Structure formats: structure tokens, C-alpha cells
Amino acid sequence: MIKRMLLLFNLCIFLVVIGKSQAYKFIYYLDENLVTVEKQKAVLIGKGNKENNLLKLDCFSAYTNALVISMHFKDSTLTVVEGAFRSYHVNGKPEQEGNYLNGFEEGTWYKWDTLARKVDSVFYKNGLPYIHATYTYNNKNGSLSYYSLKDSLPDIYRTISYNEDGIVESEVFFKGQKGLLKRYSETGVQSDSLFTREESEAVFPGGDEGWSNYLKRNLNPNVPVNKGAKAGIYKVIIRFIVTKDGTVTGVYAETYHGYGMEKEVIRIISKGPKWIPAVQYGRKVNAYRRQPVTFLVE
């Protein structure tokens, strides 16, 4: 009986010590850029503790208390980022993960979408990207539809496109500005030489500034408030196709926050002007576009 009591006593001491070691020692009130602000203006609440000679800072939403970012700094001044970094989507799934060395990205960084599918990976050295891979998925069954890889050291660029059944439809390989395009079909393989890697994404007329002004004029930010959404930061992501002539089609939501948010963003994108089409290998092409819009409910 005495042995059991001693064991229980030791276990309680152990749990108390563990509990104390996990307590936060530092509190920061931060804006969206991790700059310290007054408490009433804070978008994020940073809670810190010492970990392996670094300050580990967990940043929580000031509105929902959900974990948004977990990162490390060299000291409590939050001047130099160092060590592991991870950010999270609104649904709690990982959004981005990587490592910092002396304030610069180092090693491989990963990004995932809200369904926990890898969409991006970049290899950094002293903050400079050297190898970049992207992944795009099929809308219907979630299978991989497009893969690209850029390696800056040997100046290599490669892309692979897949159909809904996961079968390769086309493949591109560049060395410098000279490349080869292969298209696969039931009748065989068709090859075509390429002489430029010029590429650009589809963009809204006027770029980011034009898009921001369009939102201010047309988006109704009170939609989620009027429908009873709780206080918080909601990042809506809408996906659509911009055709060769700039027409927007196939608009649908990747997020499902509700309260009319996705519907409102779909409305303004669908009724908006034509976009500037994407360019691939010097030619205008149809291209998917993922457009984020953030609602802040106070």
C-alpha cells in the first residue's frame, strides 16, 4: 500500500512538472504582420516559451483563439526568425511548414491546401529558392492533374499533365530556353519543339491594386455578419478558369465557411470584367486561378 502511495505521489509530481514546463511565459499582441500593437488592436495573440535556446511563439487568432502560426525566434524581441515554422488553415490543417536559419528560409518548405494535399514545395539556401515543385489536383476526384518542377542550378524545367484517370496527357522538358513538348494520345505521341519558357499567371486587370479596388467597390463585407457568423478571420478561396480570351468560367468554392461568404465572392468574380489570360511558352492558354478573399468579423 505504501509503495502504491509513493508511486502515485511521484506520478503527481511528474505531471505537475510537465504542466509547468508547458506554461507560456511571454504574451504578445500582434497585427497580421507580427508587429506588436495595443491589446485592443491585436489580430493575433502570441504566446511564447523557451525551447532549445530559442523562443517558441504560438500565435492564436484574437477572435477565435485558433492556432494560426507556430514559429521560433532567437530571443524575446522577435527580431530574427530561427528554427521550425508552421502555419495553419482555418480548419486547423497545416498550411505551410519549413525552417529558418538566421532569418532566412533554409531547406525544403512545403504548402498544403485545406484538404491536406501538398500543393507546393521549395528548396531554399540562404533564403534563395533553387528547386520549386508545384502540384495541382483534379476537381472531380482529387487526383493529381498537373506537376511542375524548376531547378535553377542546371536551368531545368519540367511539367507533366494528367487526365482524370491519372494517365499522362502531356509532358514538357526544358534545358535553358529550348524545350520539347510531348502530347500522348491513343494514336501515339506527338512532339513539338519549344523556344521560350515565357509564362505568366492569369491576373485581374490592374494587378493586385486593381483587384483590391474592385473588392472595395463591389464586395459586401457585411454578408457574414448579417448571417450570424461568429467573430473571426475567414479566408475564402475561390477557384475558376480564365480562358484564352480572358473570360471567367467554372467558378466554385474550395472553402466552406458558410454564412454566405463563398457565395458573395463567387458573385463578384462571376460578374466581374475579363481577366488578362495566362501565358505558357509564349502562347495564351486556358488556366486555373485560385483567388483568396479574407473576411474579418468583429
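Given the structure is predicted, the values throughout are model-derived calculations rather than measurements.
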- Summary of ring pair (Phe, Tyr, Trp, His ring centres under 6.0 Å) pairs that have at least one residue in residues 187-209, sequence neighbours excluded: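 Only F204-W211, F204-Y214, F204-W275 qualify under ring pair (Phe, Tyr, Trp, His ring centres under 6.0 Å).
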
Using a 4.5 Å cut-off on heavy atoms from C-beta on, say whether the side chain of [Y] contacts that of [X].
X    : Y    : result
L30  : C59  : yes
I268 : L215 : yes
R283 : K244 : no
Y135 : S121 : yes
V119 : T134 : no
V279 : E199 : no
Q96  : W109 : yes

- Under the salt bridge (Lys or Arg N to Asp or Glu O under 4.0 Å) rule, what pairs show up with a residue in residues 203-226, not counting sequence neighbours?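 Sorted pair list comes back empty.
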
- Which pairs count as salt bridge (Lys or Arg N to Asp or Glu O under 4.0 Å) when at least one residue sits in residues 34-54, sequence neighbours excluded?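 Sorted result for residues 34-54: empty, none.
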
Run the salt-bridge test on [X] and [Y] with the 4.0 Å N-O cut-off and return the result as yes or no.
X    : Y    : value
D151 : K175 : no
R239 : E254 : yes
K235 : E95  : yes

- Please round to the nearest 0.5 Å and tell me the distance separating atom CG of N163 and atom OG of S143.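 With rounding to 0.5 Å, CG (N163) is 8.0 Å from OG (S143).
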
- Does the side chain of T249 pick up a donor-acceptor pair with the side chain of T247 at under 3.5 Å?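 On atom types as modelled, these side chains do not qualify, holding no pair under 3.5 Å.
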
Would you name the heavy atoms of [X] and [Y] that are closest together and state the gap between them?
X    : Y    : answer
P129 : V122 : CB-CG1, 3.7 Å
V297 : A229 : CG1-O, 3.7 Å
I69  : F85  : CG2-CE1, 3.6 Å
T243 : N286 : CA-OD1, 3.1 Å

- Task: Could you go through the side chain to side chain contact (heavy atoms under 4.5 Å, CB included) check for I238 and R290 one step at a time?
- Result: CA-CA 6 Å; I238 304 300; R290 299 174 74 248; over 6 Å; no

- Task: Kindly confirm or rule out a cation-pi arrangement of R117 over Y137, judged by NZ or CZ under 6.0 Å from the six-membered ring centre and within 45° of its axis?
- Result: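 So R117 does make the cation-pi contact.
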
- Item | Test: K150 cationic atom under 6.0 Å from Y157 six-membered ring centre, within 45° of axis |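 Yes, cation above the ring, under 6.0 Å and within 45°.
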
- Message: List the residues meeting side chain to side chain contact (heavy atoms under 4.5 Å, CB included) with A287, not counting sequence neighbours, and say none if there are none.
- Response: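 A278.
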
- Query: With sequence neighbours left out, what residues match E169 under salt bridge (charged side-chain N to carboxylate O under 4.0 Å, His left out)?
  - Reply: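 Scan of E169 (salt bridge (charged side-chain N to carboxylate O under 4.0 Å, His left out), adjacent residues dropped) gives none.
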
- Item | Partner residues of H257 under the ring-ring contact (aromatic ring centres under 6.0 Å, His included) criterion, sequence neighbours left out |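 By the ring-ring contact (aromatic ring centres under 6.0 Å, His included) rule, H257 matches Y234.
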
- Message: If hydrophobic clusters are built from ILVMFWY residues whose side chains come within less than 4.5 Å, do F174 and L181 share one?
- Response: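 F174 and L181: one cluster.
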
- With hydrophobic residues grouped by side-chain heavy-atom distances under 4.5 Å, do I241 and Y162 end up in a single group?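 Different clusters: I241 never reaches Y162 through Ile, Leu, Val, Met, Phe, Trp or Tyr contacts under 4.5 Å.
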
